[in-house]
Amino acid sequence: MSSVLDQRSALPPTGASRPAPPRRRTRLLALPEARWALAALVLFLLALPVYLLDGPAWLWGTLFAATYVTGGWEPGWEGLKALKDKTLDVDLLMVVAALGAAAIGQVFDGALLIVIFATSGALEAVATARTADSVRGLLDLAPTTATRLLPDGTEETVDTQHLAVGDTILVRPGERVGADGQVLGGASDVDQATITGEPLPVAKQAGDEVFAGTVNGTGALRVRVERDPADSVIARIVTMVEDASETKAPTQLFIEKIEQRYSIGMVLATLAVFAVPLALGDALQSALLRAMTFMIVASPCAVVLSTMPPLLAAIANAGRRGVLAKSAVVMERLGEIDTVALDKTGTITEGTPRVTDIRPLPGSALDEDEVLALAASAEHPSEHPLARAVVAAARERVLALSDVEGFTSTPGQGVTATVAGHAVTVGAPARLLDGAAHEPHREVVAELEEAGRTAVVVLRDGAPVGVLGVADRLRPDAAATVAALARLTGRTPILLTGDNERAAKHLAAEVGITEVRAGLLPQDKVAAVREWEALGRRVLVVGDGVNDAPALAAAHSGIAMGKAGSDLALETADAVVVRDELATIPSVVQLSRTARRLVIQNLAIAGAFIAVLVAWDLIGTLPLPLGVAGHEGSTVIVGLNGLRLLREAAWPRITKDTA
């Protein structure tokens, strides 16, 4: 709790211009798939009235040809590249079918196929882009600009991405550190909970390491950049997030495995549908038209698109609510869990200290308010979180604080100040209660510490007059979250903690948890998870610290609390609660289950469309336009059905009433 009152630096002028925040929402036309699909649609709509009104063939023919090129060149090119790798792509089959339709004079039908297929691809691209926008918008931890100091002492504002190793930056009070580096000068307390998970600010001076995205306290720091901004902890998180939508869920991977065999079988079946009637005397155009129709309606486009849109939409919806699911695999697995294990500090609790006990000592002649007012007056100039907790408690009781003189702060010990003519010291009992004369007061300290409190002793003129108990604040939504998780899984969550058993059971009782495993080392948490999974359970672990990382990795699914989560926990976990709202955990589990239901619905819809259209084409005569509309219509239906999870109403809201 070092004092930095003499090291304050002027804040930027109130009217100073600030750089505009980066755009977080991708423009629709910034997506090439959307641009090509729009161009194909416009050209098709221009050609349609000319074609229907028997206009000049050269005009509608040219417009339809342009429709083929704009809507079909990209999937066709991707299909050819896949074919080079000995992979038969559905996109290529659709382009071939459209060209086959044009070859037999069905130019309109082929153009319609191209337009609808391009539109389906654009819908998927939009869903993916919205997902990326949502999760990137959550990661505003790192600043976009920094103040770089030039060799001549002048300052310049630069984008943090342009900082280089060896540059010196100035970090003013209240600013976020722009890059990982080493302090060259100045002193301050830095809140680095977002990186290391430490709940209290850490004193920094020359020679100490600081991290990008951490929040500077009241002192100004000169920092030499030691690591390229692209390699910082925050940058690694951003990269990890941007890769989230590129992974495929297990169901999608299964579909891709059967897609190749299905596509090859479909090509062989198409050749048979063409050759057999032709051999039996059918006309060439009729046989080719039936074969092209068969290829279109039997293509598994809707089946392939049944899985990803619901999962991507669920990722985007969760991202807007502050829950970052790192992949579609994660979003699918979250809905499978049936057991939840919760960490205590920083997970069920906020990681914010508050005064819970005020114990005046015998012989002090002071009551609770007087002890608290004395301590708060001495602590008032300090910026330390424990000091703020004491001052906040005094303000809640509307206590008058006295002016202080001679304020000093000693790291690891406490503060000293003159209050109303008395020398008052507030700090750690281990440092302040060394003498035998203070032995009677150790019982109070021991009692508070046994109950899981941090004891703070108050001395007046060298004699102890009271002891304060400071503890972490229970999250207001903790009890509702525990109840909601119990309802979803059928089991009450379990508390896994390294704290002492008495304190853990006391907190567990407050939130409705009945099973507690306390005093655990990291390997003990892993052993507990493996024990449950050996029984066939699928365990979700929720934590925030380095000691939780092994359990997060071992569990079926792991969620890290992002506000104070350590970098190791954030990287190990499958999902991150960026806004630190515990109640979002049961919500995202329920959202995952909804997404899984939509996947099953989509597969049923796609299968039904394919079965009906194929039977119609083989038994009767299915018009090509109707086959195109039915096939691509099913693709659009399953895509839109999955995108329903983007709606505000799709996010389950967990309250005390619903829990």
Side-chain angles (χ1 to χ4, degrees), residues 1-9 173-174 187-189 200-201 203 217-219 352-449 451 453-473:
M1 291 188 292
S2 58
S3 174
V4 290
L5 296 180
D6 56 340
Q7 300 175 38
R8 295 180 183 271
S9 177
S188 185
D189 288 332
L200 301 178
T218 55
T352 303
R354 65 185 179 93
V355 175
T356 57
D357 302 87
I358 306 172
R359 302 287 187 86
L361 295 176
S364 66
L366 299 178
D367 59 20
E368 288 188 2
D369 286 351
E370 290 171 331
V371 169
L372 181 59
L374 198 64
S377 297
E379 292 274 27
H380 187 260
S382 175
E383 294 289 339
H384 196 279
L386 288 178
R388 290 199 294 267
V390 173
V391 173
R395 286 174 175 168
E396 287 178 4
R397 296 193 176 204
V398 197
L399 302 180
L401 303 186
S402 304
D403 294 333
V404 301
E405 298 177 356
F407 172 83
T408 60
S409 177
T410 305
Q413 180 170 320
V415 303
T416 300
T418 300
V419 180
H422 297 280
V424 177
T425 302
V426 183
R431 298 290 184 89
L432 301 180
L433 298 179
D434 291 333
H438 298 147
E439 285 297 336
H441 315 301
R442 294 187 183 277
E443 184 177 342
V444 177
V445 172
E447 180 183 343
L448 291 175
E449 292 179 344
R453 312 288 196 253
T454 296
V456 178
V457 68
V458 182
L459 280 70
R460 183 177 63 178
D461 296 329
V465 295
V467 180
L468 305 179
V470 181
D472 203 354
R473 185 188 300 272

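On a predicted model such as this, the values are computed, not experimentally measured, just so you know.
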Looking at [X] and [Y], what are the two nearest heavy atoms and their distance?
X	Y	value
Ala389	Arg354	CB-CA, 4.0 Å
Glu370	Ala365	OE1-O, 3.8 Å
Val426	Ala375	CG2-CA, 3.9 Å
Val419	Ser377	CG1-CB, 3.9 Å
Ala373	Leu401	O-CD2, 4.0 Å
Ala376	Val391	O-CG2, 3.8 Å

Exercise for review: Take Val404 and His380, measure what side-chain contact (heavy atoms from CB on, under 4.5 Å) needs, and give me the verdict at the end.
Suggested key: CA-CA 9 Å; Val404 301; His380 187 260; 6.0 Å; no

Review point. Between atom CZ of Arg359 and atom CD of Glu447, what is the distance when rounded to the nearest 0.5 Å?
Key: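 Result: 4.5 Å between the selected atoms.
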
Check your understanding: Taking atom OG1 of Thr418 and atom CZ of Phe407, what is their separation to the nearest 0.5 Å?
Key ->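 If we round to the nearest 0.5 Å, Thr418:OG1 and Phe407:CZ are 12.0 Å apart.
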
Check your understanding: Applying the side-chain contact (heavy atoms from CB on, under 4.5 Å) test to Ile358, which of Asp369, Val390, Leu468 qualifies?
Key ->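 Only match with Ile358 under side-chain contact (heavy atoms from CB on, under 4.5 Å): Leu468.
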
Review point. Can you name the one residue among Val371, Val458, Leu361 that meets side-chain contact (heavy atoms from CB on, under 4.5 Å) with Val467?
Key: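 That would be Leu361.
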
Exercise for review: Output yes when a side-chain donor or acceptor of Thr356 lies under 3.5 Å from a complementary backbone atom of Gly469, and no otherwise.
Suggested key: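 Side chain of Thr356 to backbone of Gly469, a donor-acceptor pair under 3.5 Å: yes, one is there.
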
Check your understanding: Taking side chain as C-beta onward, heavy atoms only, is Val424 less than 4.5 Å from Val465?
Key ->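 They are not in contact (no side-chain heavy atoms under 4.5 Å apart), so the answer is no.
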
Point to revise | Residue pair Leu374 / His422, side-chain heavy-atom distance below 4.5 Å | key: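 They are not in contact (no side-chain heavy atoms under 4.5 Å apart), so the answer is no.
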
Check your understanding: With a cut-off of 6.0 Å (strictly less than), are more than 12 heavy atoms of other residues, nucleotides or ligands near CZ of Arg395?
Key ->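 Check fails, neighbour count at 12 or below.
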
Check your understanding: Does atom CG of Asp461 have more than 12 heavy-atom neighbours from other groups under 6.0 Å away?
Key ->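 Atom CG in Asp461 is packed in, count exceeds 12.
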
Exercise for review: Quick one: do Val355 and Glu396 satisfy side-chain contact (heavy atoms from CB on, under 4.5 Å)? Show the steps, please.
Suggested key: CA-CA 11 Å; Val355 175; Glu396 287 178 4; over 6 Å; no

